[in-house]
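Reading through the structure tokens given below for one structure.
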Amino acid sequence: QVQLVESGGGLVQPGGSLRLSCSVSGLSRDHYILGWVRQAPGKAREGVSCIMRGDGSTHYADSVKGRFSISRNYAGNTLYLQMDNLQAEDTAIYYCATTRAKGLAPLELISDFGSWGQGTQVTVSS
């Protein structure tokens with residue numbers, strides 16, 4: 001059974017940084033993608049970043065490129081999202097996500113066809 005447990009959210013000022021962590025367990029070899037999605041109030045869920053478990057390649061939404069960085073530990077059971085230069089529009093609940101779905105748009109796959117954790121709130125405000 002897939003278990004994804006996020007931590008590390010909080011309140012930060014614009015321009016600040018946070019590091020999210022996700023404890024991962026229960027994945028099968030068919031869970032090809034591991035990543036992060038977010039959902040802000042009144043907005044659709046958005047794939048933020050993901051890593052392909054096979055080759056380690058990473059993907060980022062245009063809105064976070066150059067500011068966010070995804071990584072995992074050597075054992076592959078912890079996923080991280082380093083978020084720098086946070087802005088008010090980054091305020092959302094962030095979910096760790098995985099999926100067995102295959103396709104050409106991995107961020108859409110984990111957003112639309114994923115299993116998610118309980119989420120952690122990130123609030124960017126002065």
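All figures in this text were calculated on a predicted structure; none of them were measured in a lab.
- Looking only at distances, a side-chain donor or acceptor of R45 sits under 3.5 Å from a matching main-chain atom of S111.
- In this structure, a donor-acceptor pair under 3.5 Å is present between the side chains of D55 and S57.
- The side-chain hydrogen bond (donor to acceptor under 3.5 Å, both in side chains) test with Y94 is passed by exactly one of Q121, Q39, R38: R38.
- Taken together through direct or relayed side-chain contacts under 4.5 Å among Ile, Leu, Val, Met, Phe, Trp and Tyr, I70 and I33 form parts of separate hydrophobic clusters.
- Going from atom OG1 of T58 over to atom CG of L34 covers 12.5 Å, rounded to the nearest 0.5 Å.
- We find the CG-CG distance between L18 and L86 to be 5.5 Å, quoted to the nearest 0.5 Å.
- Paired with V122 under the rule side chain to side chain contact (heavy atoms under 4.5 Å, CB included), one option of T91, L20, I93 passes, and it is L20.
- The distance from the CG atom of L79 to the CD atom of E6 is 10.0 Å, given to the nearest 0.5 Å.
- Annotation: the span from T99 atom OG1 to I110 atom CD1 amounts to 8.5 Å, rounded to 0.5 Å.
- Atom CZ of R19 is separated from atom OH of Y80 by 5.0 Å, given to the nearest 0.5 angstrom.
- Side-chain atoms of T78 do not come within 3.5 Å of backbone N or O of S23 as any donor-acceptor pair.
- With 3.5 Å as the limit, one finds no donor-acceptor pair spanning the side chains of R53 and Y32.
- Using modelled atom types, no side-chain atom of R100 and backbone atom of D30 make a donor-acceptor pair closer than 3.5 Å.
- The CG atom of L4 lies 9.0 Å from the CH2 atom of W36; values are rounded to the nearest 0.5 Å.
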